[in-house]
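One structure is given here, and the rest of the page talks about it.
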Amino acid sequence: MLPIMPPSECIASLSVRRASQALGWSFYVGMFALIGLNLPPEMFVPDSDHFLLIVGVIAVWRYIWGLVHLVRAAIYLMLRFPALRARADSGVAPPSRVYVVVTSYREQPVTTIRVFEALLREAASSGTAVTVVALVTDPAEQSLLETVVRRMRLPESVDMVTLLQDGSGKRAALAEGLRAVARRLPPADAVTVVMDGDTLIGRGTLRRCLPFFRLLPDLGGLTTDARGEVVGSRWAADWYAARYAQRHLLMSSLSLSGGLLVLTGRLSLFRTALTIRPDFIAQVEDDHLNHWRYGRFQFVTGDDKSTWFWLLRHGWRMLYVPDVTITALERFPTGSFLTGSLGLMTRWFGNMLRNNGRALRLGPRRVGPFLWWSLLDQRLSVWTSLSGPVFALLWLLMVSAWALPTYLFWVMGTRFIQALILGLARSGVLTPRTPLLLFHTQVIGALVKAHVGFRLNRQKWNRQRLAASACRRGDAVWDVYLTVLAGAAFLLAAAVVGEVMPGPDRLTATALAAQWSAPDAPAAIEAAAKRGARPAR
């Protein structure tokens, strides 16, 4: 059993945490006010040559796009989904059988017990027959699961099969689990749940999700809300909390259009008739990309992106269920917060970019206009997210020393508003660290995307120590060359747009102005008039 903290210690811990947060917010607001009061007035005047917020042209676009997602999420959460929920709860029958494929890789025994006890309890109360297919890594884990099953005394409607993985990765294990489901000749209305071995399923998850497959005939897959139970520092816990809150709003916005950008590997549900198709299983097990530089290379990570892409390509609807929550048992990588978050973002954003191009090529008609534009925005955000810091750095070096404090003032104000929105959307998210973590995800995340975008063949799965690289001789040189070239082009464009250096039109205008202001300019104009020519303007 997990240790239980006495009530007195709980109260003391809560008081210390509240006092710490109050102190943190006091420091944050004090610094924001101090910087703002000491900035020169011309930094806030739009017509001033020192008006740093010329970067606001791109920033306004980013914030308008965020506002669009926020409004759409509100419509989905307050109008569209409640109507769907009312229809789903009006006596819609569940499927005749459910299959749950769980991939578990060397989890701690306490985690395995928690996960499978919660899953089997949910299966027993789901009101339908459930078969659990557990893919484990060693006989000891298999024996532990058999003990859990015997101790729980499950009803006849619930059974569990355990299979040993070959250790070659989650993709192979998941494909083997889906083949095991196919061998059981599932009924036409069956639903398959795919989940990780470190996902804690909540009470009522199956009962509240399954009716949607009968209610919506074109529904291919759905996923649920998620929260994290993090083993790591407070910075890591707050970072996960902010990311899950952002995910909640984004998923709600996208689901309004009948699509998503990912079907989360933590827990997603699919029509079994689709998951047992040979091409679906092949997409999971042997997904690959034909790249213009690297040739063909296989995907090691990102199985949830593969299942998502298969549904997207075949035109199936996807749904986000916001009133069902699972708990992800997160173990933050060892080391500092910076190195741990870098490793995670490298994997996440690598999976995103490897699938983004082929999804965009499907076109807006097939994908849907809003979802297609969201995919395009994933590409654009690599650079637009860096525009603010780069503008500020260029202005600092070439225009005014006030650029840095002005940009810091801008960041503290805007990230506080973003953090406040997340705090209103989900309790427990808003802390003094949240604005800094949002900025960290934006800037460091964009740098990671820019780096990974030119190294799509390099993949690493930290927990399973799996890695892949399709590098040929000279590829690494090209990787560096293209990264530097893209970075230089971006810096040049930022310098021109930010008016740190003049573009071609400004250079021409400057030269003409110099000619017109020269001492002999009037004589030149008069001579041109006598020849019947008009001076160039």
Side-chain angles (χ1 to χ4, degrees), residues 1-6 9-10 13 98-126 130-155 157-165 170 173-174 177 192-209 223-234 236-237 240-241 243-244 247 264-269 304 321 323-334 344 428 461-464:
M1 291 180 59
L2 294 175
I4 300 176
M5 186 179 294
E9 293 186 19
C10 288
S13 177
V98 174
Y99 299 89
V100 184
V101 179
V102 189
T103 54
S104 178
Y105 182 80
R106 295 182 180 175
E107 299 291 347
Q108 296 178 356
V110 64
T111 299
T112 299
I113 292 172
R114 289 183 67 192
V115 167
F116 280 91
E117 282 186 346
L119 171 60
L120 294 172
R121 276 196 302 267
E122 178 61 18
S125 63
S126 65
V130 178
T131 297
V132 177
V133 180
L135 286 304
V136 297
T137 51
D138 57 66
E141 193 172 6
Q142 191 174 29
S143 177
L144 178 62
L145 290 182
E146 292 172 355
T147 302
V148 170
V149 171
R150 285 196 302 269
R151 186 176 62 190
M152 293 190 68
R153 298 178 181 178
L154 299 171
S157 60
V158 179
D159 66 303
M160 186 165 73
V161 179
T162 56
L163 303 174
L164 289 175
Q165 302 182 34
K170 182 183 176 183
L174 184 54
T192 295
V193 181
V194 175
M195 60 178 285
D196 288 343
D198 54 358
T199 298
L200 203 61
I201 194 169
R203 291 185 181 273
T205 295
L206 295 180
R207 179 175 52 82
R208 294 177 66 79
C209 288
T223 192
T224 70
D225 190 11
R227 299 190 184 225
E229 184 179 307
V230 183
V231 177
S233 66
R234 287 304 313 171
Y240 272 111
R243 287 190 58 82
Y244 279 123
R247 172 187 180 273
T264 312
R266 290 292 190 181
L267 184 137
S268 293
L269 287 74
D304 50 354
V321 182
D323 62 351
V324 173
T325 304
I326 58 98
T327 301
L329 305 180
E330 306 280 7
R331 281 186 285 167
F332 196 75
T334 56
L344 291 171
W461 203 329
N462 295 332
R463 286 198 57 224
Q464 293 187 256

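Here the side chains of L174 and L135 are not in contact, with every heavy-atom distance at 4.5 Å or above. Using a 4.5 Å cut-off on side-chain heavy atoms (C-beta onward), I326 and D225 make no contact. Counting heavy atoms from C-beta on, the side chains of T325 and Y244 never come closer than 4.5 Å. A heavy-atom distance below 4.5 Å is not found between the side chains of V98 and S126. The closest side-chain heavy-atom distance from V149 to L120 is below 4.5 Å. No side-chain heavy atom of L269 sits less than 4.5 Å from a side-chain heavy atom of T192. Contact check for M160 versus E146: no side-chain heavy atoms found under the 4.5 Å cut-off.
Summarising the geometry, atom OH belonging to Y105 is positioned 13.5 Å from atom NZ belonging to K170; distances are rounded to the nearest 0.5 Å.
Judged by distance alone, the side chains of E122 and T205 never bring a donor and an acceptor atom under 3.5 Å apart. Side-chain N/O atoms of D159 and T131 include a donor and acceptor closer than 3.5 Å. Counting only N and O atoms by type, the side chains of R247 and T264 include a donor and acceptor under 3.5 Å apart. Looking at E141 and S104, their side chains do bring a donor and an acceptor atom within 3.5 Å of each other.
R227 and E330 are not joined by a salt bridge, as no carboxylate oxygen comes within less than 4.0 angstrom of a charged side-chain nitrogen. Ion pairing of R331 with D198 is absent here, as no side-chain N (NZ or NE/NH1/NH2) approaches a carboxylate O to less than 4.0 Å. R106 and D138 are not joined by a salt bridge, as no carboxylate oxygen comes within less than 4.0 angstrom of a charged side-chain nitrogen.
Remark: the backbone N or O of G202 is not paired with any side-chain donor or acceptor of T327 at under 3.5 angstrom.
Among residues two or more places apart in sequence or in another chain, the side-chain contact (heavy atoms from CB on, under 4.5 Å) test is passed with L144 by P109, T112, I113.
With respect to R114, the side-chain hydrogen bond (donor to acceptor under 3.5 Å, both in side chains) criterion is satisfied by exactly one of E229, Q108, E107: E229. For the side chain to side chain contact (heavy atoms under 4.5 Å, CB included) with V115, the qualifying choice from V148, V110, D196, L329 is L329, the only one to do so.
Shown here is R153, whose CZ atom has no more than 12 heavy atoms of other residues, nucleotides or ligands within 6.0 Å.
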